[in-house]
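Here's the structure we're looking at; comments come further down.
Proteins come first, then strands; the chains are lettered A, B, ... in the order of their sequence lines, and each starts at number 1.
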2 protein chains.
Amino acid sequence: MPAAARKKPVKRRRSPIQSRGQATVDAIVEAAAQILARKGPAAATTNAVAARAGVSIGTLYQYFADREALLQEIGRRHVAEMQAVLADALTGIDGLALPAAVDRLVAAIVAMHRVAPRLHQALHQSLARDHLDTIDAFEVAVEAMVSQALAGRAELDLAHPALTATVLVRGLGGLIRTTLRREPERLDDPALALAMRAMILGTLGESRRRA
Amino acid sequence: MPAAARKKPVKRRRSPIQSRGQATVDAIVEAAAQILARKGPAAATTNAVAARAGVSIGTLYQYFADREALLQEIGRRHVAEMQAVLADALTGIDGLALPAAVDRLVAAIVAMHRVAPRLHQALHQSLARDHLDTIDAFEVAVEAMVSQALAGRAELDLAHPALTATVLVRGLGGLIRTTLRREPERLDDPALALAMRAMILGTLGESRRRA
DNA sequence: CGAGGATCTGAGCAAAGGCTCATTTTCTTT
DNA sequence: AAAGAAAATGAGCCTTTGCTCAGATCCTCG
């Protein structure tokens with residue numbers, strides 16, 4: 001065994017082969033997500049995560065190259081979950097009349113953010129500047145989806161479907177995120193849902209080709 | 001001199017008496033803001049700040065109890081600046097007709113975020129969870145202001161001015177922040193301004209008492 | 001059963017960063 | 001000019017945290 005220059009003596013981030021390994025990985029990710037959601041990014045140290053997951057620090061590093069990788073994995077899972085909720089809440093929306101469709105959309109976007117609000121926030125903080133990629137990609141996808149849906153409704157007669165979609169998605173997203181942070185309980189307020197509805201309908205109406 | 005229990009041997013955060021001290025404080029705050037804006041919260045270590053400001057760490061701690069205090073001060077100054085820009089961009093808006101007033105509002109909100117976009121972002125990250133208070137308070141104030149302005153226009157006949165204001169302010173804020181982060185250059189796009197205008201007008205129209 | 005791979009352990013290293021304080025330098029004031 | 005207050009210095013203490021590694025333990029399979 002040549003003691004030559006070896007940068008990575010152990011191949012980190014091994015994929016679990018046995019089911020035991022998979023369980024460990026899940027435990028780690030869940031523990032991290034919990035700490036992240038409850039106490040914020042700063043509290044989510046690798047040692048704390050390992051401790052909460054009930055494994056040793058060494059085990060954690062067997063599956064994740066570094067802290068970043070762990071955070072990214074959490075982001076990936078979170079986005080997948082949101083996507084699932086969104087897709088589910090949106091099935092069959094194309095068949096609905098406009099007002100009903102908008103109600104569904106509002107409900108869907110709210111539901112999507114309700115999956116793991118605290119975690120969502122924490123991720124937006126800790127991943128920011130670095131790997132918001134995952135979340136960004138998702139948001140871009142959502143915008144594209146909505147753009148598509150809008151363009152499909154000739155009745156709307158939008159001048160710039162993509163632009164309208166961007167404004168709506170980012171606007172609603174920001175509104176919900178801010179509300180979530182400052183007045184979490186208010187997300188249940190029916191009045192807010194109505195206001196969002198008004199915002200969407202109004203924006204759509206005002207964005208028609210000739211208006 | 002009784003060597004009793006002295007928790008704070010030196011009264012930190014002394015207010016500068018001589019002009020020299022004030023200059024030092026400014027230098028520190030500016031250095032910190034710069035690092036924060038250019039390299040993010042993680043790079044804004046107290047040592048780095050002191051170095052960039054051209055003073056020793058000891059001096060930094062003479063004026064700021066701890067890192068947090070420094071960040072808070074930056075937040076305070078930033079908010080003050082935004083407020084000034086906003087107020088300036090909004091003077092005389094009450095005398096304008098609705099469409100013109102909306103254009104002004106859009107311009108004002110964009111201008112306000114353009115003051116120090118990167119810093120604004122960094123603050124939202126680093127202060128989050130702890131001292132977003134300063135920024136939050138400002139945003140609340142803006143909402144109140146807009147609510148006031150909306151209620152003042154009988155022509156709008158809004159059912160819930162405060163709610164509408166909340167939706168508009170948070171929505172626009174989120175939209176701008178997201179855009180700033182992902183496509184900074186796009187803030188100059190006239191099409192986006194038009195879209196925002198459409199959003200505002202549409203939302204207002206759809207939020208009337210009877211609509 | 002037993003070899004060999006997969007998994008797990010945890011003390012502790014090294015780096016980083018917040019912060020202190022004894023001392024020196026500069027300014028003000030009489 | 002000289003004392004005393006204000007301001008500034010910076011080596012380094014101390015804590016925290018990401019991460020390594022040498023070895024122990026657990027599983028699977030022939």
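Using a 4.0 Å cut-off, some side-chain N or O of Thr46(B) falls inside it from OP1 or OP2 of dG18(C). The side chain of Ser56(A) contributes no N or O atom lying less than 4.0 Å from OP1 or OP2 of dG10(C).
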Listing time: all N or O pairs from protein to nucleotides 3-7 of chain D that are below 3.5 Å?
| from | atom 1 | to | atom 2 | distance (Å) |
| --- | --- | --- | --- | --- |
| dA7(D) | OP1 | Ile17(B) | N | 2.7 |
| dA7(D) | OP1 | Gln18(B) | N | 2.8 |
| dA7(D) | O4' | Arg20(B) | NH2 | 3.1 |

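Counting all heavy atoms, side chain and backbone alike, Tyr63(B) lies closest to Thr24(B) at CE1-CG2, 4.1 Å. Residues Leu119(A) and His78(A) come closest through the heavy atom pair CD2-ND1, 4.0 Å. Listed here is the closest heavy atom pair of Ser207(B) and Thr164(B): CB-OG1, 3.7 Å. Contact detail for Ile74(A) and Ala32(A): the closest heavy-atom pair is CD1-CB, 3.4 Å.
The distance between atom CZ of Arg67(A) and atom C1' of dT16(D), rounded to the nearest whole Å, is 13 Å. Per the geometry, CG belonging to Leu71(A) stands 10 Å off P belonging to dG18(D), to the nearest Å. At whole-Å resolution of the value, OH in Tyr61(B) and C1' in dG12(D) are 14 Å apart. Atom CD1 of Ile28(A) and atom C1' of dT7(C) are 11 Å apart (whole Å).
With salt bridges taken as basic N to acidic carboxylate O contacts below 4.0 Å, none links Arg197(A) and Glu206(B). A salt bridge links Glu143(B) and Arg170(B); the closest N-O separation between the charged side-chain nitrogens and carboxylate oxygens is under 4.0 Å. Taking the charged nitrogens against the carboxylate oxygens, Glu73(B) and Arg77(B) do have a contact shorter than 4.0 Å, which makes a salt bridge.
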Quick one, give me the B/S/- string for nucleotides 11-16 of chain C, reading 5' to 3', where B means a protein heavy atom under 4.0 Å from the base and S means that only happens at the primed atoms, P, OP1 or OP2.
-> B-----
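Residue whose closest nucleotide on DNA chain C sits further toward the 5' end, between Ala42(B) and Leu60(A): Leu60(A).
Evaluated for a side chain to side chain contact (heavy atoms under 4.5 Å, CB included) with Arg114(A), the options Ile109(A), Val85(A), Asp188(A) yield exactly one hit, Asp188(A).
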